[in-house]
Each structure stands twice: as structure tokens, then as C-alpha cells.
Amino acid sequence: IDRILCKGGNYLLNVGPKPDGTLPEEAEHLLRTIGGWHTRVQEAYQGPAPTPCFAERPDFLTTRNGNNLYLHFPDSPEACGLSLHPLDILPESVTLLNTGETPAFALDTMPTLYQQPDGQKPFLHIYNLPFDRLSGEVPVLRLTFSDLDAVEEKLRAAKLAKESRF
């Protein structure tokens with residue numbers, strides 16, 4: 001569902017009633033589960049547009065609305081932290097929409113084993129994410145910046161500079 005909604009699509013939940021007009025118990029449970037999740041994370045889908053330039057990782061999707069950047073993890077990560085290369089600007093806040101929790105975040109360098117060609121340049125890291133407690137839910141993070149347009153422009157310029165070196 002998340003992959004479709006992130007791209008501005010609609011998702012049809014094919015649930016039909018029983019002959020007496022009631023929903024099957026399994027379908028009702030599924031609809032309540034999806035509805036509860038959607039209620040908590042709906043701001044990430046109502047108005048935001050896909051924004052692919054913010055991270056060089058295939059394991060999540062990004063959307064944005066104003067100065068809010070949303071990270072969607074349709075395949076729940078196994079780690080409790082993220083390194084968001086090439087994002088090197090600290091947001092004002094980070095919130096896990098599923099729970100309302102505010103995980104720790106900082107600009108840090110990568111361990112030597114995982115360093116990019118950028119060397120010791122710090123990138124945004126988000127720590128202590130409770131992905132393990134979100135079994136069956138797509139985690140969605142909201143990162144709020146003071147000027148997300150400037151951040152996006154900086155990342156595009158860095159990407160163009162990197163591509164021109166090759």
C-alpha cells in the first residue's frame with residue numbers, strides 16, 4: 001500500500017460483505033489495522049509529492065510537503081539506525097509518525113569500514129528507531145527542516161558535481 005500511496009496512487013481493498021451485510025471477522029480486523037496505521041501516518045500521503053533526490057538508498061521512498069521530508073520503509077529495516085548519505089544537513093526535528101516518538105539524530109562520520117569517497121564528511125544519522133516494535137506496519141519518519149528547498153538544491157548540485165567528475 002505504501003509504495004502506491006507514495007507515488008500518488010490509490011489502493012483498492014477488495015473486501016466484500018457476507019450475505020447478511022456484515023464484514024467477515026478477518027476482513028474487519030485487517031481494515032481496522034490498516035485504518036489505524038493510515039490515521040497515524042496520513043500526513044505523509046495527503047499533499048506530499050515523491051522526492052527521489054534525498055538519499056542514495058533503495059530501501060526506502062521519500063516524499064515531501066513544504067519543509068517536511070517523509071521517509072517510507074515498505075520493507076521494514078532490520079537495523080535500529082539509519083545513515084542518510086548524502087544528506088549532510090541537520091533537520092530541526094525527526095518524528096516516527098507511527099508512534100509519535102522522536103528518535104535521536106546527529107551529523108556523524110561513517111566508520112572507516114563504510115566510508116564513502118567523501119572521506120570523513122559527516123552525514124545525517126538517526127538512532128534508536130523502534131522498527132522491531134512496528135511488526136506489520138510500514139514505518140514512516142518525518143524530518144522537518146527550516147528550508148527544505150535549499151537542502152534539495154544543495155543535494156542536486158552535489159550530485160551534478162559528482163556526476164561531472166566521471
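When reading the values below, keep in mind they use all heavy atoms of this one structure, side chains included, and skip hydrogens, waters and symmetry mates.
Residues Cys80 and Phe131 have side chains not in contact (no heavy-atom distance under 4.5 Å, counting atoms from C-beta outward). Between Pro91 and Leu124 there is a side-chain heavy-atom pair separated by less than 4.5 Å. Using a 4.5 Å heavy-atom threshold, the side chains of Pro130 and Leu96 count as touching.
Annotation: side-chain hydrogen bond (donor to acceptor under 3.5 Å, both in side chains) contacts of Asn65 (sequence neighbours excluded): none.
For Glu25, the CD atom sits in a loose shell: 12 or fewer heavy atoms of surrounding residues, nucleotides or ligands are nearer than 6.0 Å. Asn14 CG: 12 or fewer foreign heavy atoms inside a 6.0 Å radius.
Applying the side-chain contact (heavy atoms from CB on, under 4.5 Å) test between Val94 and each of Leu129, Leu71, Ile126 identifies Ile126 as the sole match.
The aromatic rings of His38 and Tyr45 sit parallel, their planes meeting at an angle under 30°, below the 60° perpendicular limit.
We find that Glu101 and Arg133 are joined by a salt bridge, their nearest charged nitrogen and carboxylate oxygen being less than 4.0 Å apart. For the pair Asp149 and Lys154, the salt-bridge criterion is not met [side-chain N within less than 4.0 Å of a carboxylate O].
For the atom pair Leu84 CG and Phe123 CZ, the distance stands at 10.5 Å (nearest 0.5 Å). His125 contributes atom NE2, which lies 11.5 Å from atom CG of Leu90 (distance to the nearest 0.5 angstrom). Atom-to-atom distance recorded for Ile34:CD1 and His29:NE2 is 9.5 Å, nearest 0.5 angstrom. Interatomic distance, Arg64 CZ to Glu152 CD, rounded to the nearest 0.5 Å: 5.0 Å. How far CG of Leu87 is from CG of Leu143: 7.0 Å, rounded to the nearest 0.5 Å.
When all heavy atoms of Leu141 and Pro103 are compared, the closest pair comes out as CD2-CG, 4.4 Å. Taking both residues in full, the closest heavy atoms of His72 and Phe60 are given as O-CB, 2.9 Å, listed atom of the first, atom of the second, then distance. For the pair Ile89 and Phe145, the tightest heavy-atom approach, listed with the atom from each and the gap, is O-CE2, 3.5 Å. Taking every heavy atom of both residues into account, Pro122 and Asp88 meet most closely at O-CB, 3.4 Å. Between Pro24 and Gly16, the shortest heavy-atom distance links the atoms CD-O, 3.5 Å. The two residues Leu97 and Arg142 have their closest heavy-atom pair at CD2-NH1, 3.5 Å.
Asn67 places no side-chain N or O within 3.5 Å of a backbone atom of Thr144 that could act as its donor or acceptor partner. Using modelled atom types, one side-chain atom of Trp37 and one backbone atom of Val138 make a donor-acceptor pair closer than 3.5 Å. In this structure, Asn98 contributes its side chain and Val140 its backbone to a donor-acceptor pair below 3.5 Å.
Linking ILVMFWY residues whenever their side-chain heavy atoms come closer than 4.5 Å, directly or via other members, leaves Leu61 and Leu69 in distinct clusters.
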_Determine whether Phe73 and Leu82 satisfy the following criterion, side chain to side chain contact (heavy atoms under 4.5 Å, CB included), listing intermediate values before the conclusion._
CA-CA 11 Å; Phe73 299 89; Leu82 298 168; 3.4 Å; yes
_Run the side chain to side chain contact (heavy atoms under 4.5 Å, CB included) test on Leu13 and Leu31 for me, step by step, so that the C-alpha distance in whole Å, both residues' side-chain angles and the decisive distance to 0.1 Å come before the verdict._
CA-CA 8 Å; Leu13 298 172; Leu31 290 173; 3.6 Å; yes
